[in-house]
Each structure stands twice: as structure tokens, then as C-alpha cells.
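No hydrogens, no waters, no symmetry mates; every other heavy atom, side chains included, goes into these values. Proteins get letters first, then strands, A, B, ... in listed order; numbering begins at 1 in each.
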There are 2 protein chains.
Amino acid sequence: MGRPKQFDPDVAVERAMEVFWSKGYAATTPQDLVDALGIGKGSLYNAFGSKRELFERALCRYRDGQAVALVELLEAGGPVKERLRRTLHLLAEMDLADPGHRGCMAVNTAAELGAEDERAAELVRRMFDRTEGAFRALVEEGQRTGEINAGRDARSLGSLLLNTVIGLRLMGRVADGPDRPARVIDAVLDGL
Amino acid sequence: MGRPKQFDPDVAVERAMEVFWSKGYAATTPQDLVDALGIGKGSLYNAFGSKRELFERALCRYRDGQAVALVELLEAGGPVKERLRRTLHLLAEMDLADPGHRGCMAVNTAAELGAEDERAAELVRRMFDRTEGAFRALVEEGQRTGEINAGRDARSLGSLLLNTVIGLRLMGRVADGPDRPARVIDAVLDGL
DNA sequence: CTCATTTTGTACCTCAAATTCAAGAACGGG
DNA sequence: CCCGTTCTTGAATTTGAGGTACAAAATGAG
């Protein structure tokens with residue numbers, strides 16, 4: 001019973017995610033959110049409690065969306081190294097083409113809140129774990145097919161690839177061209 | 001002529017750097033700076049103009065300090081790969097041991113301001129250029145001594161090492177242990 | 001000493017961030 | 001159709017960020 005909500009909370013979280021992703025946590029004001037979600041301040045706080053809580057939901061939404069996207073990319077067909085190369089280049093191109101230079105919301109959150117907000121740090125860590133795991137699985141597949149030296153530690157290579165992506169996406173925030181990312185990708189893949 | 005300053009601007013910038021480094025740009029208030037520098041607000045604004053200008057000077061100071069430190073590390077004696085390993089491990093350990101999880105001020109700035117502040121982005125880009133150059137020089141030295149495969153592109157390897165450092169230091173913001181950084185370092189060096 | 005110049009500390013101002021609240025609107029149950 | 005509940009709107013509240021104004025204080029030149 002009671003008056004039904006006049007907006008879809010899922011849509012609202014999605015839009016909030018876009019705003020937080022573009023502007024960061026601190027730089028996003030309740031007014032920005034009100035404008036983007038198209039609801040009143042009262043509804044905002046009634047539905048989500050606080051800016052901080054809404055941010056957490058937005059970050060979880062980001063995580064869920066990214067998890068799907070990454071798995072899709074890595075599970076495509078073809079040689080493992082080619083899949084890796086395509087995935088890394090796609091990331092770099094997206095970051096470069098994005099006029100807002102948004103980069104990766106998890107990376108941005110790590111930088112902005114990681115030191116002071118343990119809940120946010122934990123969420124980001126888990127996203128990193130997940131990505132590392134996906135890369136590790138791909139490396140192991142490559143080792144089974146003989147594309148990647150089976151003597152190397154798959155977990156370490158997974159960490160390396162995660163770290164590479166983090167670096168690439170951080171650089172996307174100040175990117176001035178495709179050359180450096182391309183060199184990074186070349187060097188990483190040559191080192192596998 | 002005129003009344004002399006009762007504080008050393010260089011010391012003030014140094015302290016401002018510490019504050020900005022610890023808290024980030026947006027989260028640092030003029031009051032924080034006044035407290036840390038031990039001067040009045042009037043002096044602060046008289047000497048530095050604005051929070052933004054002071055930040056830029058603090059960032060330049062960080063750059064100058066880091067440049068020296070990195071060169072010292074990379075110019076030490078011994079095999080190139082050992083120097084690299086020591087340098088990377090030292091960074092990782094510093095980040096882990098730092099109770100404030102400050103990470104790297106350039107990386108933090110890239111994440112926080114890179115998208116919106118072109119001047120800050122340019123400063124960070126130059127710092128990245130410089131670091132990449134230092135790594136490249138070290139790689140070329142390793143290639144001359146035969147420690148590193150001379151067939152590989154030194155510039156790409158420099159980019160890779162820069163990217164590795166960026167990733168490591170970003171992860172330092174949410175670090176929960178030494179394992180992942182250690183794996184990254186192992187994998188990177190094995191791939192050289 | 002006096003003047004022009006610069007620094008300093010305090011008080012003040014403006015604006016907006018983040019949240020709360022009051023008044024009412026839209027439901028469903030009995 | 002009344003009632004309790006939940007949602008909505010937007011103004012009010014509180015707090016502090018970021019900066020300005022100004023008079024007093026400290027200097028060197030002449």
C-alpha cells in the first residue's frame with residue numbers, strides 16, 4: 001500500500017552511475033543527481049538515503065555491467081592472444097574516443113575514495129579480483145592450447161594483465177593519443 | 001622593501017603538497033591548508049592566489065622530488081634487471097607501508113582532475129613522459145649489456161614499465177597485501 | 001622620522017552542498 | 001469513502017567552502 005513510486009529505481013541508479021562515472025563522487029552534487037534522474041530531492045533521499053548510499057548502488061551497477069562486458073569479450077572465439085589484443089585495444093580506443101575521458105569507474109573510485117572509504121575500497125578490490133580471475137582463466141586456456149608458455153604462472157600473468165588494464169584506463173584520463181597505449185599493449189603481449 | 005614574509009614559501013608549498021597528496025584536491029579545504037602551513041588565510045591567498053594555483057605549485061614540487069628519487073634508484077649500480085626489480089619492489093612496499101595509502105600524487109591527480117583540468121592533465125602527462133623516458137634509458141642500457149633482448153623495442157618496454165608503475169601505485173590506494181603487486185612485478189620482469 | 005610598500009590576522013561575505021521537513025497527493029484495505 | 005501508509009515537491013535549514021576587505025604591523029628608501 002501507499003503511494004507507488006513514480007520512477008524506476010533501477011533506471012535512476014543507472015543514471016546516477018553515469019553522473020558519478022563522469023564527474024567522480026565528490027564533484028557530483030545532489031542537484032546534479034536530481035537533474036539527471038528527473039526526480040525531486042525529497043524522492044532522491046527517500047529512495048536512496050544519502051549520496052553515499054546511492055554511489056554504492058551505482059558502483060555495484062557498474063560492476064555488474066562491466067563483468068558481463070568483459071566476459072563477453074574474453075569468451076569470443078579465436079586464438080587467445082588475439083582475443084586479448086582485441087580486448088585491450090578496444091578498451092584503449094573507447095577511452096580515447098570518450099569525449100568525457102571517463103576511464104574506468106572502478107579505477108577512478110580507487111583513486112578518489114580508496115584511501116578513506118574502506119567499503120568502496122573493498123568493492124573495488126573485489127572487482128579487481130574478478131577481472132584478474134577472468135584474465136587468469138584466459139591465460140590458462142592459452143596454456144592448454146600451447147599459445148602461452150605453460151611454464152609461467154597463470155595467476156601472475158592474470159595479475160599482470162589486470163595491472164595493465166588499470167594502467168591503461170588511468171592513462172585514459174589524461175590521454176593525448178593512441179601511441180602510448182598501443183606500445184603498452186604490444187609490449188605486454190610480446191612478453192607473454 | 002615592504003614587510004618581509006614571515007614564512008618560507010618553499011616550505012609552505014612542501015607542506016601543501018603533503019596535504020593535497022594525502023587528501024586529494026577537492027577534499028582539501030583552505031582551512032586544512034591554513035592549519036598545515038601554520039599561516040593565516042590572508043597570507044595564504046596573498047602568497048598563492050588561490051587553492052588551484054597552490055595545488056599546481058604543490059604538484060610541480062612533487063614532480064621535482066620524484067624525478068630525483070627515481071633517477072637515483074635507476075642509476076644505482078648492479079644488473080639492470082636487479083635495479084628494476086628493486087625499484088618496483090620499493091615502490092610497492094612504500095605504498096603498502098604508507099598508512100595514508102597516498103599512492104602516487106601524479107596518478108591520483110590524473111584520476112581526479114585529468115578529465116576536467118587540462119593544465120593538470122598536461123603536467124601529469126609530462127611526468128609520465130619523463131618516467132617513461134627514464135625506464136626506456138634503463139632498458140637500452142640493459143640491451144647494450146645483453147641483459148635484455150635487443151630485438152625488442154626499447155620505447156615500448158619503457159611504456160610498459162611506466163604503465164606497470166601506474167597500475168601498481170593505483171592499486172596501492174586499495175591495497176590489501178603484498179601478493180598481487182609481487183605477482184605483477186614477477187610477471188613483468190619475466191616478460192622482459 | 002616619514003612614506004610607500006608589502007605582509008598579516010581577523011572578520012566578514014557569498015554561495016552552494018547535503019540534508020530535512022511540511023504539506024499534500026496517490027495508493028489499498030476495511 | 002475514510003484511514004494509514006508511502007511518495008512527491010520544493011522550500012528551509014545548517015554547515016562550511018572559498019575567498020575578500022581592511023586595518024594594523026613591519027620593513028627600506030630618502
Side-chain angles (χ1 to χ4, degrees), chain A residues 1-60 108-109 111-113 115-120, chain B residues 1-59 108-109 112-113 115-120:
Chain A
M1 58 178 102
R3 179 172 176 174
K5 280 192 170 64
Q6 295 192 310
F7 64 94
D8 180 341
D10 286 344
V11 171
V13 170
E14 177 86 19
R15 291 186 183 163
M17 181 195 79
E18 298 287 346
V19 180
F20 281 126
W21 188 0
S22 291
K23 311 189 56 166
Y25 176 73
T28 297
T29 71
Q31 190 57 47
D32 290 332
L33 294 167
V34 161
D35 293 344
L37 310 204
I39 66 181
K41 273 201 183 109
S43 300
L44 215 203
Y45 279 86
N46 176 60
F48 301 111
S50 71
K51 180 183 163 185
R52 178 56 229 283
E53 287 176 72
L54 177 54
F55 177 78
E56 199 157 319
R57 294 188 58 169
L59 187 56
C60 287
N108 300 346
T109 299
E112 183 179 6
L113 302 178
E116 307 219 329
D117 183 332
E118 187 46 44
R119 289 180 60 86
Chain B
M1 59 179 102
R3 180 173 175 173
K5 280 191 170 59
Q6 294 192 313
F7 64 96
D8 180 341
D10 286 344
V11 172
V13 170
E14 177 87 19
R15 292 188 182 159
M17 181 196 78
E18 298 286 346
V19 181
F20 282 126
W21 188 1
S22 292
K23 310 189 57 166
Y25 177 73
T28 297
T29 71
Q31 191 56 48
D32 290 332
L33 293 167
V34 162
D35 293 345
L37 309 204
I39 67 180
K41 251 190 203 172
S43 302
L44 215 202
Y45 279 87
N46 176 60
F48 301 111
S50 70
K51 180 183 163 184
R52 178 54 230 284
E53 287 176 70
L54 178 53
F55 177 77
E56 199 156 319
R57 295 188 57 169
L59 187 57
N108 300 347
T109 299
E112 183 179 4
L113 302 178
E116 307 221 329
D117 183 331
E118 186 45 45
R119 288 180 61 85

Which of the following nucleotides, [options], is nearest to the side chain of [X]?
X: B/Lys51; options: D/dG19, D/dT27, D/dT8; result: D/dG19
X: A/Ser43; options: D/dA24, D/dT9, C/dG24; result: D/dT9
X: A/Gln31; options: C/dT7, C/dA17, D/dT20; result: C/dA17
X: A/Pro4; options: C/dT8, D/dT27, C/dC27; result: C/dC27
X: A/Arg3; options: C/dA17, D/dT6, C/dT6; result: D/dT6
X: B/Pro30; options: D/dC7, D/dG18, C/dT8; result: D/dG18

Atom-to-atom span, [atom1] of [X] to [atom2] of [N] - whole angstrom:
X: B/Asn46; N: D/dA21; atom1: CG; atom2: P; answer: 13 Å
X: B/Tyr45; N: C/dG9; atom1: OH; atom2: P; answer: 16 Å
X: A/Leu44; N: C/dT19; atom1: CG; atom2: P; answer: 10 Å
X: B/Gln6; N: D/dA26; atom1: CD; atom2: P; answer: 8 Å
X: B/Ile39; N: C/dT6; atom1: CD1; atom2: P; answer: 18 Å
X: B/Leu54; N: D/dG19; atom1: CG; atom2: P; answer: 11 Å

- request: Classify the nucleic acid contact of A/Phe48 as base, sugar-phosphate or nothing, counting any heavy atom under 4.0 Å across all strands shown.
  value: nothing
- prompt: Between B/Thr29 and B/Asp32, is a side chain to side chain donor-acceptor pair (under 3.5 Å) present by the stated rule, with each step listed?
  reply: CA-CA 5 Å; B/Thr29 71; B/Asp32 290 332; 3.2 Å; yes
field: N-O pairing of B/Glu53 and B/Arg57 below 4.0 Å
entry: no
query: So, the side chain of A/Lys51 versus the backbone of A/Tyr25: is there a donor-acceptor pair under 3.5 Å, distance only?
result: yes
task: Give, for atom CZ of A/Arg15 and atom CG of A/Leu54, the distance between the pair rounded to the nearest 0.5 Å.
output: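 Between atom CZ of A/Arg15 and atom CG of A/Leu54 there are 13.0 Å.
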message: So, under a plain 3.5 Å distance rule, would you say the side chain of B/Lys41 forms a donor-acceptor pair with the base of D/dG19?
response: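 Yes, a donor-acceptor pair under 3.5 Å.
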query: More than 12 non-hydrogen atoms from neighbouring residues, nucleotides or ligands closer than 6.0 Å to CZ on B/Arg52, yes or no?
result: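 Count over threshold, so yes.
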